[in-house]
Amino acid sequence: CYLVCFYLGKVIYPTNLCSVYPLPDQMSLGNPTIMLCVAVSILIVVGLFLSLRRTRAIIAGFLIFLIAISPTLGVVRYSWVTASDKYVYLPALGLLFAIAWGLAGVWKRDRSGRGFARWAVLLLAVSILAIEAAASRAYAAKWKDTEALARHIVSLATKSGPAYNLLGVSLNDAGNVEESLQQYREAIRLMPTYPFAHANLGNRLAGLSRFEEALHHLNIAAELRPRDGMLHYRISLLLRTLGRKSEAIERALRANELLPDFPDASLQLGLVYMDAGRIDEALLPLQRYLELEPDNAEAQNNYGGILLSSGRAQEALQHLERAVRLKPEYTKALNNLGAALAGVGRAKEAIPHLREAVRLDPAWPAPAGALAWILATHPDDAVRNADEAIQVAETADRLTNHLDARTIDTLAAANANSGRFDRALTLVKEAIALVPEGQFAELVSAMRNRLSFYRRARPYRDTSPVNGSL
């Protein structure tokens with residue numbers, strides 16, 4: 001009864017129009033507004049039956065109105081918007097049919113010869129059009145942008161949580177962050193179980209690096225909407241940022257279950273598996289991501305890096321080469337590509353990629369160490385470069401504060417290649433001493449083997465297809 005009378009009232013007297021209207025606080029007969037709507041509805045029904053004595057046009061027009069508007073009367077809830085101007089656009093045609101019948105009847109019955117009734121009908125129509133045009137022009141100002149409309153909605157729906165949330169979204173889009181946070185909080189105060197306000201507030205707080213507070217609101221939103229995969233995805237992003245690996249994996253798994261065709265969810269699952277050291281499990285989601293986003297350089301590099309670390313350098317090559325083609329100055333991909341080329345016995349081809357990685361990121365020791373190793377230990381005289389090997393190895397050693405055993409081992413090999421065997425012996429012993437007892441036995445064994453070379457005043461030559469320092 002309330003909504004039917006509400007819409008009829010807006011059609012007859014269209015003031016304070018809005019795209020969203022709130023329901024009365026008390027939907028019961030104890031509310032005078034509801035009681036009035038019930039009384040009006042009874043009068044309308046009585047009037048419709050009485051109109052049948054003269055015509056069926058009025059009841060037909062009203063039935064068209066009632067049937068057309070019935071899906072929006074709240075029997076089936078499909079939106080937080082209970083009442084809106086747009087809901088009455090089509091149903092109003094039924095009312096216009098009835099009005100047109102009445103005006104046509106007046107027009108036909110004017111037999112005075114002077115046409116007073118017809119002129120009255122025309123004057124009424126023109127007046128209504130003029131009034132509507134003026135009102136529409138004034139009302140259009142409230143639709144000049146999303147923020148203006150949202151503020152208008154809030155002014156009419158002062159106790160509507162979704163209205164304040166809409167205002168928060170518009171303010172956030174306009175860059176007014178602090179006020180948007182206030183509107184989201186007001187929306188939550190008015191409607192604590194409104195998930196979209198919690199989600200929007202959480203996302204905005206995450207953008208401000210207020211991660212714990214953001215996580216709190218996103219968790220509430222996910223409890224209210226457990227099948228919203230995007231919420232689980234965003235929570236996983238936050239948990240990864242906070243270093244909570246197992247929880248991040250759990251949320252990423254849920255996001256992938258709910259959003260199997262969302263590329264970023266697959267990427268996120270692969271990344272959190274990598275963070276947790278579960279490299280083999282990261283392969284499948286990253287592979288899925290590549291199927292959905294084959295031109296993403298970061299994903300190609302991540303997938304290739306996993307294959308490389310699993311000893312599958314040949315398989316890694318195609319992905320790393322594609323990553324470099326897609327993003328030629330992608331330092332991590334250049335370094336990994338160099339490592340993969342060296343890993344399949346193509347160390348000479350690895351050199352330009354490693355040199356470029358060193359040039360692009362001179363503060364990163366990994367490509368410098370890998371480049372120095374090839375230049376110092378490659379069996380081909382045409383590939384080795386003694387001076388560059390020492391220079392780059394010293395740079396890598398300086399960047400690691402002389403605390404990385406592999407880097408010191410590389411510097412030792414560079415010195416031995418230049419005939420500085422005493423210095424090489426000292427460096428290898430320092431490198432071995434840095435390795436915790438009982439750990440990295442294979443590395444220690446390799447360094448002891450090189451130690452025997454230097455004692456015999458012989459440089460070390462790496463003839464294995466897989467470069468141990470990479």
Which heavy atom of [X] sits nearest to which heavy atom of [Y], and what is that distance?
X	Y	result
L399	P362	CD1-O, 3.4 Å
L334	A357	CB-CB, 4.0 Å
S236	Q268	OG-NE2, 3.0 Å
A276	I249	CB-CD1, 3.8 Å
L231	A199	CD2-CB, 3.7 Å
A197	I188	CB-CG1, 3.7 Å

Can you tell me how far apart [atom1] ([X]) and [atom2] ([Y]) are? Round to the nearest 0.5 Å.
X	Y	atom1	atom2	result
L215	I220	CG	CD1	10.0 Å
I351	N385	CD1	CG	8.5 Å
T426	I408	OG1	CD1	12.0 Å
L208	E178	CG	CD	7.0 Å
L259	D264	CG	CG	10.5 Å
I279	L283	CD1	CG	8.0 Å

Quick one, [X] and [Y] - any side-chain contact, counting heavy atoms below 4.5 Å?
X	Y	answer
Q183	S180	no
S418	I390	yes
Y194	P162	yes
L317	L307	no
I374	R384	no
N256	S266	yes
I306	D280	no
Q287	L290	no

**Message:** Checking D295 now: which residues fulfil salt bridge (Lys or Arg N to Asp or Glu O under 4.0 Å) with it, not counting sequence neighbours?
**Reply:**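 For D295 the salt bridge (Lys or Arg N to Asp or Glu O under 4.0 Å) partners, ignoring immediate neighbours, are R322.
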**Listed partners of D261 passing salt bridge (Lys or Arg N to Asp or Glu O under 4.0 Å), at least two apart** =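 Salt bridge (Lys or Arg N to Asp or Glu O under 4.0 Å) list for D261, sorted by chain: R288.
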**Prompt:** Going by distance alone, is a donor N or O of one side chain under 3.5 Å from an acceptor N or O of the other, for E250 and H232?
**Reply:**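 No, because no side-chain N or O of E250 sits under 3.5 Å from a partner of the opposite role on H232.
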**Asked** Going by distance alone, is a donor N or O of one side chain under 3.5 Å from an acceptor N or O of the other, for N219 and R251?
**Response**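 Yes, a side-chain donor-acceptor pair sits under 3.5 Å.
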**Request:** Inspect the surroundings of CD in E186 and state if more than 12 heavy atoms from other residues, nucleotides or ligands are less than 6.0 Å away.
**Result:**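 Count over threshold, so yes.
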**Message:** Please evaluate residues N203 and L218 with respect to the criterion side-chain contact (heavy atoms from CB on, under 4.5 Å), reporting the C-alpha separation (whole Å), side-chain torsions for both, the decisive distance (0.1 Å), and the verdict.
**Reply:** CA-CA 8 Å; N203 290 330; L218 287 174; 3.7 Å; yes
Which pairs would a plain distance check flag for residues 325-332, meaning a side-chain donor or acceptor within less than 3.5 Å of a matching protein atom at least two apart in sequence or in another chain?
{"from": "K327", "atom 1": "NZ", "to": "E298", "atom 2": "OE2", "distance (Å)": "2.7"}
{"from": "Y330", "atom 1": "OH", "to": "N301", "atom 2": "ND2", "distance (Å)": "3.4"}

Those residues that, when tested against [X], pass ring pair (Phe, Tyr, Trp, His ring centres under 6.0 Å) (two or more places apart):
X	answer
Y289	none
H217	H198
F421	none

Distance-only check: which donor-acceptor pairs under 3.5 Å involve side-chain atoms of residues 163-173, not counting sequence neighbours?
{"from": "Y164", "atom 1": "OH", "to": "T158", "atom 2": "O", "distance (Å)": "3.3"}
{"from": "N165", "atom 1": "OD1", "to": "N200", "atom 2": "ND2", "distance (Å)": "2.9"}
{"from": "S170", "atom 1": "OG", "to": "L167", "atom 2": "O", "distance (Å)": "2.7"}
{"from": "N172", "atom 1": "OD1", "to": "R204", "atom 2": "NH1", "distance (Å)": "2.9"}

**side chain to side chain donor-acceptor pair (under 3.5 Å) contacts in which one or both residues fall within residues 347-364, not counting sequence neighbours** =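 Only R346-E349, R355-E388, E356-R359 qualify under side chain to side chain donor-acceptor pair (under 3.5 Å).
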**Request:** Any chance you could lay out the salt bridge (Lys or Arg N to Asp or Glu O under 4.0 Å) test for R151 and E147, step after step, and finish with the verdict?
**Result:** CA-CA 6 Å; R151 290 191 184 279; E147 182 181 338; 3.1 Å; yes
**Request:** Assign the ring pair Y303 / H319 to parallel, tilted or perpendicular, where the plane angle (0 to 90°) is split at 30° and 60°.
**Result:**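 The arrangement is perpendicular - the two ring planes meet at more than 60°.
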**Message:** What verdict does the side-chain hydrogen bond (donor to acceptor under 3.5 Å, both in side chains) test give for N417 and T377, after you've listed the backbone C-alpha separation in whole Å, the side-chain angles of each residue and the deciding distance to 0.1 Å?
**Reply:** CA-CA 7 Å; N417 184 55; T377 66; over 6 Å; no
**Request:** Please assess L253 against E257 for the test side-chain contact (heavy atoms from CB on, under 4.5 Å), listing each intermediate value before the final yes or no.
**Result:** CA-CA 6 Å; L253 283 168; E257 178 186 339; over 6 Å; no
**Asked** Hey, does the side chain of T400 reach the backbone of A396 with a donor-acceptor pair shorter than 3.5 angstrom?
**Response**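 Yes, because the side chain of T400 sits within donor-acceptor range (under 3.5 Å) of the backbone of A396.
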**Request:** Would you mind listing every salt bridge (charged side-chain N to carboxylate O under 4.0 Å, His left out) that reaches into residues 268-277, with sequence neighbours excluded?
**Result:**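 Residue pairs passing salt bridge (charged side-chain N to carboxylate O under 4.0 Å, His left out), neighbours aside: R240-D275.
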**Request:** Mind jotting down which residue pairs meet the salt bridge (charged side-chain N to carboxylate O under 4.0 Å, His left out) criterion with at least one end in residues 208-219? Sequence neighbours excluded, please.
**Result:**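 Applying salt bridge (charged side-chain N to carboxylate O under 4.0 Å, His left out) to every pair that reaches into residues 208-219, excluding sequence neighbours, yields R185-E213, R210-E213, E212-R244.
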**Message:** Test side-chain contact (heavy atoms from CB on, under 4.5 Å) on L96 and L93; report intermediate values, then the result.
**Reply:** CA-CA 5 Å; L96 291 176; L93 290 174; 4.2 Å; yes
**Prompt:** Given the rule in the side-chain contact (heavy atoms from CB on, under 4.5 Å) test, do Q300 and L320 qualify, once you have shown the distances and angles that lead to the verdict?
**Reply:** CA-CA 6 Å; Q300 292 285 356; L320 297 171; over 6 Å; no
**Request:** Can you run down the ring pair (Phe, Tyr, Trp, His ring centres under 6.0 Å) pairs that involve residues 242-288, sequence neighbours left out, and say none if there aren't any?
**Result:**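 Only Y233-F262 qualify under ring pair (Phe, Tyr, Trp, His ring centres under 6.0 Å).
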Report all side-chain donor-acceptor pairs from residues 441-459 shorter than 3.5 Å, counting only partners two or more places apart or in another chain.
{"from": "R450", "atom 1": "NE", "to": "D409", "atom 2": "OD1", "distance (Å)": "3.2"}
{"from": "R450", "atom 1": "NE", "to": "D409", "atom 2": "OD2", "distance (Å)": "3.2"}
{"from": "R450", "atom 1": "NH2", "to": "D409", "atom 2": "OD2", "distance (Å)": "2.6"}
{"from": "S452", "atom 1": "OG", "to": "N449", "atom 2": "O", "distance (Å)": "2.4"}
{"from": "R456", "atom 1": "NH1", "to": "S452", "atom 2": "O", "distance (Å)": "3.3"}

